[in-house]
Structure formats: C-alpha cells, structure tokens
Amino acid sequence: QVQLVESGGGLVQAGGPLRLSCAASGRTSTGYNMGWFRQAPGKEREFVAAISKRGGSTYLSDSVKGRFTISRDNAKNTVYLQMNSLKPEDTAIYYCAADLSVTISRTVGPYDYWGQGTQVTVSS
C-alpha cells in the first residue's frame, strides 16, 4: 500500500506560480512511476504530467508543456509539480497518483494509488 498526500494548492492570480507536492508513505514510492492529473467541475479527470521511477523520463500534456515541470526527490519520497504562468483554465483539483507498471501511462486506468487531491484556483 502507498499513501499519497498532496499539498501546495491554493488561490493564485493568472500568470502566477504554484508548486504542488505529493508526499508518499507506506511501501516505498521509488518503485512507482508517478503522475499528476486534474479534474475541473463537470469534466473528466485528465493527464497533466508523469515521471518515471528514477526521474529519468518525464511527460507533460500539450496544454501545460512549457509552463509546468514535474520532478521527484526519491530520498524524500516526494513528487513535485511546478506550475508557472498559470491560466484560469488550469483551475481544477489536482491529484497525484502512483503506477507500478513498467511503462509510464498518461491515462487514469493503470494508476494504482491516488491522493485526495488539492484545489488550485486561478483568478483572472
């Protein structure tokens, strides 16, 4: 079992930055690919970013490429999502997730564990 706890969400003005953190506990998170997803009201949960087990590979959705960065510190069992140049359309609940698969997934299904989410609201 892996427990995931997100933090760092909040209210920010358009153009501003936020950094989300996802702390993992329980079974070591280093054996997992990690992902960030988001869900806006009335919409399906969508992929934002993912990082491989040792951090060597990262993937970003087209909508956040150039603005967001995903990273991880395995010594701290923590994954980060640095969000810059935020837009009102980035407003959503952001979830981190852990995936035991060999390959990184950009879809919800393969992810085994999920955090409770943290709200990000970007005002215009």
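Here the structure is a predicted model, which means the values were calculated and not measured. The first residue of the sequence shown is numbered 1, and numbering continues consecutively from there.
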Kindly give the heavy-atom pair with the smallest separation between [X] and [Y], and that separation in Å.
X    : Y    : value
A92  : A40  : CB-N, 3.8 Å
T103 : N33  : O-ND2, 3.4 Å
A49  : L60  : CB-CD2, 3.4 Å
A24  : V2   : CB-CG1, 4.2 Å
G35  : Y111 : N-CE2, 3.7 Å
E6   : Y95  : OE2-CA, 3.3 Å

(request) Would you please test V108 and W114 for side-chain contact (heavy atoms from CB on, under 4.5 Å) and show each step? (result) CA-CA 10 Å; V108 170; W114 292 83; 3.5 Å; yes
Could you tell me which residues satisfy side chain to side chain donor-acceptor pair (under 3.5 Å) with [X], sequence neighbours excluded, listed by chain and number?
X   : result
Y94 : R38
S61 : S63
R67 : D90

(message) Check this for me: Q116, atom CD, are more than 12 non-hydrogen atoms of other residues, nucleotides or ligands nearer than 6.0 Å?
(response)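 12 or below, so no.
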(message) side-chain contact (heavy atoms from CB on, under 4.5 Å) for E46 and E44? Distances and angles first, verdict last.
(response) CA-CA 6 Å; E46 66 172 358; E44 293 189 353; over 6 Å; no
Between [atom1] on residue [X] and [atom2] on residue [Y], distance to nearest 0.5 Å:
X    : Y    : atom1 : atom2 : value
S7   : L20  : OG    : CG    : 8.0 Å
S105 : L100 : OG    : CG    : 13.0 Å
N84  : R19  : CG    : CZ    : 11.5 Å
S101 : K53  : OG    : NZ    : 7.0 Å

Going by heavy atoms in the side chains, are [X] and [Y] under 4.5 Å from each other?
X    : Y    : value
Y32  : Y113 : yes
C22  : M34  : yes
F68  : V48  : yes
W36  : M83  : no
C96  : L4   : yes
T118 : I93  : no

(message) Could you check whether any side-chain N or O of R54 sits under 3.5 Å from a backbone N or O of N74, counting only pairs where one atom can act as donor and the other as acceptor?
(response)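 No: the side chain of R54 does not pair with the backbone of N74.
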(request) Taking T91 for its side chain and T121 for its backbone only, find out whether a donor-acceptor pair lies under 3.5 Å. (result) no
(message) If hydrophobic clusters are built from ILVMFWY residues whose side chains come within less than 4.5 Å, do F47 and V64 share one?
(response) no
(message) Checking Y80 against D73 for the side-chain contact (heavy atoms from CB on, under 4.5 Å) test, could you report, in this order, the C-alpha distance in whole Å, the side-chain angles of both residues, the deciding distance, and whether it holds?
(response) CA-CA 8 Å; Y80 305 97; D73 184 340; 4.1 Å; yes
(message) Working note: S57 + I104, criterion side-chain contact (heavy atoms from CB on, under 4.5 Å); need CA distance, chi angles, decisive distance, verdict.
(response) CA-CA 9 Å; S57 298; I104 298 178; 4.3 Å; yes
